[in-house]
Amino acid sequence: MKVAELVGRALAELGVDAAFGVVGSGNFEATNGLRAGGVRFVAARHEGGAASMADAYARMSGRVSVLSLHQGCGLTNALTGITEAAKSRTPMIVLTGDTSAASVLSNFRIDQDALAAAVGAVPERVHGAPTAVADTVRAYRTAVQQRRTVLLNLPLDVQAQEAPDAVEIPEVPGPAPIRPDAEAVAELADLLAEARRPVFIAGRGARSSAAPLRELAEVSGALLATSAVAHGLFHDDPFSLGISGGSSSPRTGELIGNADLVIGWGCALNMWTTRHGKLLDPNAWLVQVDVDQSALGAHRPVALGVVGDVTSTARDVHAELARRGHRASREVPASTLWHDVPYNDLSGGGRIDPRTLSRRLDEILPAERVVSIDSGNFMGYPSAYLSVPDENGFCFTQAFQSIGLGLGAAIGAALARPERLPVFGVGDGGFHLAVSELETAVRLGIPLVVIVYNDAAYGAEIHHFGDADMATVRFPDTDIAAIGRGFGCDGVTVRSIEDLAAVEEWLGGPRQAPLVIDAKIADDGGSWWLAEAFRH
């Protein structure tokens, strides 16, 4: 066995069950090592798509994924997706070939370590046959225990070395719980005991902590909200307010704004979640709970920062309130759903109001779904109107705010949650950027519903720059349904709510190919969720 195969097999034995990539000469043998170890390999059409697939698979499955790349250009092609994963602290291994140490004039030679560090990933390297397993385990441990995206360089000369005799692969446990100190628990309990209108905002770090947060909210009288990345965490809770931030309904914004105590649980409380702070009462107490001390107060000043994981902290504070005999009451709030917010339907003239489109799709699509969202002017519509069954039903790749990542993410999410119908919301700009991965979805037989909010423009720029010359961001209308059919998908064009009957027909089965919905949307004057950001 060569080192290339050994590294792939070691990752399989460590627990990796899915890998994504584009195979070239530099990662061919390592990829086959993964496959020989029992890892499913998904061949993408572009490294950027593969990166988003691996990112989404890790997010939605809770398991470390692998992105397999050729050296140099294979890595640079994937860089935007890797940056998204790194900024989102996705536990993912980027297994990439690298030029041999002596190949100083190779066309493929770049400083891959520096490239990884520049985008927030952790660079690691397989140094030689004697240390190959230890190097691989170190990279995997960093990914799992520190929740990091790790670039594992595998130089060609090292790949070709003879593997050492059998080396034991250790078991690598997940991150250990981080208990808060007793003083911080007491302070947080004090604030909750004094609060009259507390609100919890759960973020990425709380995605596995719904139960302890619900229990603490019940005794403390708190209402429950999430950041966008944790959407669905409290889906069926009557005290849930939905998403805090740009996608908040007016009623949600009102209730969060009336809170006298806001606690961010594993949540950055950034400008998107707080609307640049305008969503919060300036006199409210603001608290953050996070495993990373550097995250506390990074975006907004906080009255109290607690270092601890969400589950441990919530349980300890709950126990402290129980010891004191504290139990607050709360009333079920009036509906915070966008579905219940009246609006003037702008459908007509061959265009459908994106709100009307999204509301009707929410009604006809199965409730057991996993919704993925690309970036752009359209993105608030599926976020606001398409309900999801839990936090693993919503894949939101917006840490880098790049359009074009969503289609790959939708495929990765679909493979991580095969029991659910995958649904993907995208603008026409993001669709065209990533269209090659439609072939991947067709080849894999994924019954993916692709909703293209088609305004034949880069809509965010249209509304951001106002009366400026828009020739650079407007495009001819494209028959996106026909493009989908060309890839082997089913395709429908939607100009009115009646046209959605074709979607219902597709849902009736057999769903043997993805469905591309080319929705010609009306202009509602610009997205409300971006307007405040643009003003800043």
Side-chain angles (χ1 to χ4, degrees), residues 55-56 58-62 84 88-90 199-211 213-214 217 223-249 251-253 255-256 264-275 279 310 333 335-341 358-359 361-362 365 367-376 378-399 401 405-406 409-410 412-414 416-417 420-426 451 527-530:
D55 180 12
R59 296 185 195 217
M60 296 293 103
S61 70
E84 169 66 35
S88 299
R89 298 292 290 265
T90 300
V199 169
F200 294 173
I201 304 177
R204 189 189 315 278
R207 281 175 55 90
S208 60
S209 304
L213 287 176
R214 288 176 193 257
L223 299 178
L224 298 162
T226 70
S227 67
V229 291
H231 180 40
L233 189 68
F234 307 118
H235 166 72
D236 57 350
D237 195 300
F239 297 95
S240 173
L241 306 180
I243 298 175
S244 172
S247 295
S248 298
S249 69
R251 180 61 177 153
T252 294
L255 290 168
I256 294 174
W265 297 92
C267 176
L269 297 175
N270 59 26
M271 69 176 192
W272 301 105
T273 305
T274 67
R275 293 182 181 170
L279 196 61
V310 171
S335 175
T336 59
L337 297 177
W338 274 106
H339 283 261
D340 297 325
V341 177
S358 304
R359 283 166 58 115
L361 285 171
D362 186 53
L365 292 171
E368 281 298 311
R369 63 184 72 151
V370 53
V371 177
S372 301
I373 310 289
D374 201 70
S375 191
F378 77 94
M379 59 191 280
Y381 299 117
S383 300
Y385 289 101
L386 298 185
S387 60
V388 294
D390 54 35
E391 72 277 16
N392 292 314
F394 193 69
C395 188
F396 195 71
T397 51
Q398 302 297 326
Q401 292 181 234
L405 303 185
R417 296 286 166 178
R420 295 180 174 180
L421 179 73
V423 179
F424 171 46
V426 62
I451 311 164
S527 56
W528 68 89
W529 55 91
L530 289 178

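What you see is a predicted model, and the numbers here were worked out from it, not measured in a lab.
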Looking only at heavy atoms, what is the nearest atom pair of [X] and [Y], with distance?
X: Ser372; Y: Ala410; result: OG-CA, 3.4 Å
X: Val310; Y: Gly266; result: CG2-N, 3.7 Å
X: Pro333; Y: Pro238; result: CD-O, 3.6 Å
X: Ser383; Y: Ile243; result: O-CD1, 4.0 Å
X: Arg420; Y: Val370; result: CB-N, 4.0 Å
X: Arg275; Y: Ser248; result: NH2-O, 3.2 Å

Could you state the interatomic distance from [atom1] ([X]) to [atom2] ([Y]), rounded to the nearest 0.5 Å?
X: Asp55; Y: Glu84; atom1: CG; atom2: CD; value: 6.0 Å
X: Ser247; Y: Tyr385; atom1: OG; atom2: OH; value: 10.5 Å
X: His339; Y: Ser358; atom1: NE2; atom2: OG; value: 8.5 Å
X: Ile201; Y: Thr274; atom1: CD1; atom2: OG1; value: 8.0 Å
X: Asp237; Y: Leu213; atom1: CG; atom2: CG; value: 10.5 Å
X: His235; Y: Ser240; atom1: NE2; atom2: OG; value: 9.0 Å

>> Do Gln398 and Ser375 pair up side chain to side chain, a donor and an acceptor below 3.5 Å, judged on atom types alone?
In response: yes
>> Using a 3.5 Å distance criterion without hydrogens, assess whether the side chain of Asp374 forms a donor-acceptor pair with backbone atoms of Val426.
In response: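 Not at all, since once roles are kept as given, no pair shorter than 3.5 Å links the two residues.
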> Is Arg417 reaching over with its side chain to a backbone N or O of Met60, donor-acceptor style, under 3.5 angstrom?
Replying inline: yes
Any non-hydrogen side-chain atom of [X] less than 4.5 Å from a side-chain atom of [Y]?
X: Asn270; Y: Thr273; value: yes
X: Leu361; Y: Val423; value: no
X: Arg369; Y: Asp362; value: yes
X: Ser88; Y: Arg59; value: yes

>> Quick check on side chain to side chain contact (heavy atoms under 4.5 Å, CB included): which of Asn392, Asp390, Val229 does Arg207 satisfy it with?
In response: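 Answer after filtering Asn392, Asp390, Val229: Asn392.
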> Would Ile451 and Leu386 count as a side chain to side chain contact (heavy atoms under 4.5 Å, CB included) if you check the C-alpha gap in whole Å, the side-chain angles of each, and the deciding distance to 0.1 Å?
Replying inline: CA-CA 11 Å; Ile451 311 164; Leu386 298 185; 4.1 Å; yes
> Listed by chain and number, what are the ring pair (Phe, Tyr, Trp, His ring centres under 6.0 Å) partners of Phe396, not counting sequence neighbours?
Replying inline: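 Here the qualifying residues are Phe394.
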>> Which residues pass the side-chain contact (heavy atoms from CB on, under 4.5 Å) test with Ser335, not counting sequence neighbours?
In response: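 Partners of Ser335 under the side-chain contact (heavy atoms from CB on, under 4.5 Å) test: Leu337, Asp340.
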